[in-house]
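Since the structure comes first, as structure tokens, the remarks are kept for the end.
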Amino acid sequence: MELPLGIRRITTPLPTRPGHVHSYLLPGGDGWTLVDTGIGLPDAQEVWAASLGDAEVARIFITHFHPDHVGAAADVAELTAAPVSQGKLDYSQCELVWGNDEWPRRIADWFLTHGVPEEITEELIGSGNVYRPFIRYQPNPELVDDGDRLDGWELVAAPGHADGQLCLVKDRVLVSADHLLGRITPTVGLWPESRPDPLGDYIESLKRTIELAPEIALPGHGDPIADPVGRAHDLIEHHRERLDFTESTLGDLPRTGYDVSLDLFGAQLKPASRRFAVAETLSHLERLVLEERAERSGDVGVVTYTARQLGRRASA
Ligand SMILES: [Zn+2]
């Protein structure tokens, strides 16, 4: 496939859906900038040696700390001897989640406070520990931030799918990572230690994409996006509808994020998928609280939500 500006794409397999992830090679005067590294499967170094051939990698850039993007960073850094750059906020979350043995327990306890049954949270701890060996991030990378430049590309913050996610833009080409995907709706979840309003962040990031007016977006999964501005508008509309639906599930009786996730995503999810469903539900519930369309109560150790009732406070 012919990509703009002489960009090359390398696709590596994922053991879970969507089954693949894209990395991109951006040409530059001193060699290629490699964007993202795929997951750190045991043969990552051999796969990358074969994919890169004789391409000279001058630097590696990580868009966000999710396993399918950061996982093989240390392998590729060792293979190419290229320095790794990663966003400042993103790297702090990367260390918090992947460099911290306490994290699986922490996240399980957090899900318990949102009403997730214990058999699901216990399975999450187990599966979290299975995943960890496949995430080999590069310690002490060069830290970069929104507005910085990387070999002629501008870094653009796109919080939402991940708080610290950075995209790259040049000549109206957007390397969008998981901020903008073609057929898949990027997950936007609330997580412990995450920014308080990921869905609000995401909608603002989409508006910023519309202002940037890229002509093509190169995503982390799926085909290049020929109409990134149209896609951004569609995603804003999608979340507007999901917010309305989430609001419609609330009433006078307190409901947890887990309860509401059963209405939004159905009851038949495996624990790994339920985790994303609850996190996504919570990002919508928190946005509704901020828009004064829902109320949160968390004073008995379990966080619950009710419909906003105008005048309730005044009459109480
Ligand atoms: Zn991804």
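Bear in mind that the values here come from a model prediction, so they are computed numbers and not experimental data. Counting starts at 1 for both ligands and their atoms, following the listed order.
A salt bridge between E237 and R240 is present, with a side-chain N of the basic residue lying under 4.0 Å from a carboxylate O of the acidic one.
When the N, O or S atoms of D68 are ranked by distance to the Zn ion (ligand 1), OD2 comes first. The name of the N, O or S atom in D178 nearest to the Zn ion (ligand 1) is OD2.
Coordination check, H221 versus the Zn ion (ligand 1): passed, since an N/O/S atom of the residue sits under 2.8 Å. When distances to the Zn ion (ligand 1) are checked against a cut-off of 2.8 Å, H64 contributes no N, O or S atom below that limit.
Listed here is the closest heavy atom pair of L34 and T37: CD2-CG2, 4.4 Å.
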For the pair R293 and D244, evaluate side-chain contact (heavy atoms from CB on, under 4.5 Å) and give the outcome as yes or no after the intermediate values. CA-CA 10 Å; R293 296 162 70 185; D244 289 347; 2.7 Å; yes
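Of the possible donor and acceptor atoms, one in the side chain of Q45 sits under 3.5 Å from a partner among the backbone N and O of D75.
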